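What follows is a set of notes on a single structure, which appears directly below.
Letters A, B, ... are given to chains in the order of the sequence lines, protein chains preceding strands, and every chain is numbered from 1. Keep in mind the model is a prediction, meaning the values are calculated, not measured.
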Amino acid sequence: MDLTLTGLAFSAAPGEAAGVALNGKREAWLAAGRGFLEDPKKPKAVHDEKVARLALAAAGIELGGVVHDTALYSYLLQPTTAKHALEDVAVRRLSLRLSGSVAEKADFVGRLAGLLRPEVEGQELVTVFEAIEQPLAAVLAEMEQTGVRLDPRALEEMSAEFDKEIDALTRRTYQLAGVEFNLNSPKQLGEILYEKLQLPLPRRRGKTQAASTAADVLEELAELHELPARVLEYRELAKLKSTYIDVLPAKIHPRTGRLHTSFHQTGTATGRLSSSDPNLQNIPIRTELGNRIRAAFVAEPGWQLLGADYSQIELRVLAHLSDDPVLVEAFQRGEDIHARTAQEVLGVPPLGQTGEHRRVAKMINFGIIYGLTAYGLARRLGIEPAEAQRYIDAYFRRYAGVKEFREQLLEEVRGMGYARTLFGRRRPIPEIGSRNANQRNFAERTALNSPLQGTAADLIKLAMIEIHRRLRQEGLRTRMLLQVHDELLFEGPETEAGRATELVKAAMERVQLPGGVRLKVPLVVGTGLGPNWAALK
DNA sequence: CTGGAAAGCGCC
DNA sequence: AAAGGGCGCTTTCCAG
């Protein structure tokens with residue numbers, strides 16, 4: 001089909017998806033497709049630009065022919081703005097409101113493409129758009145449509161079991177409090193802890209100065225009284241039950257029998273994806289009970305799940321961007337980075353290191369990525385701020401390249417007003433020049449973190465595009481299911497698991513930066529196969 | 001009854 | 001004055 005597409009819009013009736021393509025003469029074609037997924041919770045409409053792409057494909061319009069995407073343009077230009085649906089962008093950029101007709105949408109898309117494309121070009125965002133976001137959209141659409149299999153019976157069993165335990169913990173807590181109250185209410189719990197039981201009031205936190213009952217506070221109070229200990233147990237169970245155990249089975253699609261998340265490509269300030277309805281990027285893994293929920297994500301009979309994750313990707317990006325000799329050398333030699341930091345900062349040679357040394361070093365490494373303060377590190381390590389400050393000073397002495405990088409980066413962001421990833425993706429940080437120290441400190445943490453988190457996001461997105469292409473090229477049936485920031489989940493026939501593993505690992509390790517740039521440090525990828533998501537060892 | 005803010009917490 | 005970056009979901013609580 002000979003179309004010069006200059007835009008994409010979307011509109012949908014129940015069970016139907018429609019794509020609108022627009023050419024240079026502002027004539028619109030409507031391509032409708034039936035049989036796309038309906039959201040059982042929202043039977044009204046599909047309403048998603050990725051589905052519109054599939055509708056176009058169904059009508060024989062090549063996805064490769066699409067050259068503009070106004071939602072993605074708008075996002076790349078203003079990633080800290082929340083909404084990029086056509087309605088929102090039209091109001092923001094054209095001061096025009098949609099009346100609803102498909103032809104009007106097509107018209108607006110055309111006008112917006114003409115307005116936004118030159119801005120994208122002027123801000124050197126074309127590479128990010130063409131090499132990353134545009135090709136990624138179709139990959140995400142396919143992942144959403146594929147969905148992931150969930151064993152609802154496993155969760156139903158857990159539901160009954162959790163009910164019993166939650167009930168027992170509730171009764172025990174009431175007994176310890178000497179009164180019944182709403183355990184889900186931090187306000188009521190605070191009254192019990194700090195008034196009735198006279199437990200020591202923690203430092204007031206947050207803008208409301210409410211008496212905190214957060215987990216780290218309760219952990220300390222648990223040394224003094226049984227009640228906070230039981231509340232912590234109650235909270236873990238209640239959280240898992242209300243957020244996952246009771247919700248996920250209800251979201252299994254009646255026609256596919258699988259769970260279909262939505263991946264949002266225009267939802268984060270840094271370039272990461274997000275996931276919702278349900279969010280499959282926050283499935284529990286940390287605790288024993290949580291891991292049982294993860295184990296309910298399973299492969300079809302005769303198939304296996306394949307997991308692949310980047311190891312320490314943000315620290316590797318930091319090594320590349322900063323060119324710090326110690327950090328680069330450590331990664332080039334394949335060292336355990338937390339052990340190396342323990343050696344550099346705590347002065348303990350690898351063979352003399354205890355678990356505690358490593359825990360502290362790990363906290364410091366993570367803290368660096370997030371722009372830690374002495375106070376924050378002290379609170380997390382349970383030490384004095386002065387001691388934490390000595391660690392931070394020691395870190396920047398030993399990793400002088402990181403210190404230098406941070407200073408140059410802040411200087412650049414002050415001058416430009418935005419931070420950039422290795423690929424040129426931007427994040428505006430206007431508060432970097434604020435006279436309010438609070439705002440400015442926050443901005444400086446953002447300025448350091450955004451290029452690290454954002455470059456890591458760029459890298460895995462590139463890997464996803466390449467993996468999708470190669471799986472297809474090799475004729476494999478293995479399909480991509482989920483992305484969880486530095487991890488990918490696949491499902492495929494057992495018979496091709498070996499080939500798929502090699503393909504995925506190779507693509508992730510050899511991910512090519514636009515312009516043929518190579519990272520100064522290797523990208524290390526771990527893989528695992530198993531019948532369920534918790535068993536990918 | 002609905003919407004939104006807050007608190008809290010799941011993940012990377 | 002706050003005190004580590006990025007998300008989404010649940011519950012409570014309160015205002016309209």
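OP1 or OP2 of dG5(C) has at least one side-chain nitrogen or oxygen of Arg445(A) nearer than 4.0 Å. At the phosphate of dG5(C), neither OP1 nor OP2 sits under 4.0 Å from any side-chain N or O atom of Ser450(A). Contact between the side-chain N/O atoms of Asn282(A) and the OP1/OP2 oxygens of dG8(C) is not found at any separation under 4.0 Å. Close to dG8(B), at under 4.0 Å from its OP1 or OP2, lies a side-chain N or O of Ser212(A). Between Gln188(A) and dC13(C) there is a side-chain polar atom (N or O) within less than 4.0 angstrom of OP1 or OP2. For dG5(C), the OP1/OP2 oxygens have no side-chain nitrogen or oxygen of Thr270(A) closer than 4.0 Å. Taking side-chain N and O atoms only, Arg235(A) has no distance below 4.0 Å to OP1 or OP2 of dT11(C). Note on Asn441(A): every side-chain N or O is 4.0 Å or more away from OP1 and OP2 of dA2(C). Taking side-chain N and O atoms only, Thr268(A) has no distance below 4.0 Å to OP1 or OP2 of dC7(C).
Across all strands shown, Ala437(A) has no heavy atoms under 4.0 Å from either base or sugar-phosphate atoms. The residue Asn438(A) sits close to a base: some heavy atom pair falls under 4.0 Å. Heavy atoms of Leu448(A) sit nowhere under 4.0 angstrom from any nucleic acid atom. When heavy atoms are screened at a 4.0 angstrom cut-off, Arg427(A) is found touching the sugar-phosphate backbone but no base atom.
Ala447(A) meets the side chain to side chain contact (heavy atoms under 4.5 Å, CB included) test with Leu410(A), Val413(A), Ile429(A), Ile432(A); sequence neighbours excluded. Here Glu314(A) pairs with nothing under the side chain to side chain donor-acceptor pair (under 3.5 Å) rule; sequence neighbours left out. In terms of the side chain to side chain donor-acceptor pair (under 3.5 Å) criterion, Glu165(A) has no residue partners (sequence neighbours excluded).
Taking atom CG on Asn184(A) and atom C1' on dA7(B), their separation rounds to 12 Å, with Å as the unit. Here the P atom of nucleotide dC12(B) and the CD atom of Gln453(A) are 13 Å apart, to the nearest Å. Between the CD atom of Glu236(A) and the P atom of dG8(B) there is a distance of 17 Å, given to the nearest Å. Protein atom OH of Tyr370(A) is 6 Å distant from nucleotide atom C1' of dC12(B), rounded to whole Å. One interatomic measurement links the two molecules: CG of Leu218(A) to P of dG8(B), which rounds to 8 Å at whole-angstrom precision. For the pair Asn182(A) CG and dT10(C) C1', the interatomic distance rounds to 13 Å; values are reported in whole Å.
At distances below 3.5 Å, at least one donor-acceptor pair connects side-chain atoms of Tyr194(A) with backbone N or O atoms of Ser212(A).
Residue side chain Arg286(A) does not reach the base of dC11(B) through any donor-acceptor N/O pair under 3.5 Å, judged by distance alone.
Sorted by residue number, the members of residues 238-248 of chain A with any non-hydrogen atom under 4.0 Å from DNA chain C read Lys239(A), Ser242(A), Thr243(A), Val247(A).
Taking a 6.0 Å sphere around NZ of Lys520(A), one finds it holds more than 12 heavy atoms contributed by other residues, nucleotides or ligands. Sparse packing is recorded around CD of Glu384(A), with 12 or fewer heavy atoms of other residues, nucleotides or ligands lying under 6.0 Å away. No more than 12 heavy atoms of other residues, nucleotides or ligands sit less than 6.0 Å from atom CD of Glu220(A).
Across dT12(C), dG8(B), dC12(B), the shortest atom-to-atom separation from the side chain of Ile285(A) is found for dC12(B). Nearest to the side chain of Thr213(A), among dC7(C), dG8(B), dG10(B), sits dG8(B). Side chain of Lys187(A), nearest nucleotide from dG5(C), dG8(C), dC14(C): dC14(C).
Using P as the reference atom, dA1(C) and dC9(B) are 27 Å apart when rounded to the nearest Å.
Of the charged side-chain nitrogens involved, at least one lies within less than 4.0 Å of a carboxylate oxygen, so that Arg414(A) and Glu444(A) count as a salt-bridged pair.
Where pairing requires Watson-Crick or G-U contacts shorter than 3.5 Å, the helical stems of DNA chain C with at least three consecutive pairs are B:1-12 with C:5-16.
When only modelled atom types and interatomic distance are considered, Ser275(A) and Thr261(A) share a side-chain donor-acceptor pair under 3.5 Å.
For residues 419-432 of chain A, the side-chain hydrogen bond (donor to acceptor under 3.5 Å, both in side chains) pairs, not counting sequence neighbours, are Glu133(A)-Arg425(A), Glu412(A)-Arg420(A), Tyr418(A)-Arg426(A), Thr421(A)-Asp458(A), Arg425(A)-Asp458(A), Arg427(A)-Ser450(A).
Looking at Phe405(A) and Asp323(A), their side chains never come closer than 4.5 Å, going by heavy atoms from C-beta outward.
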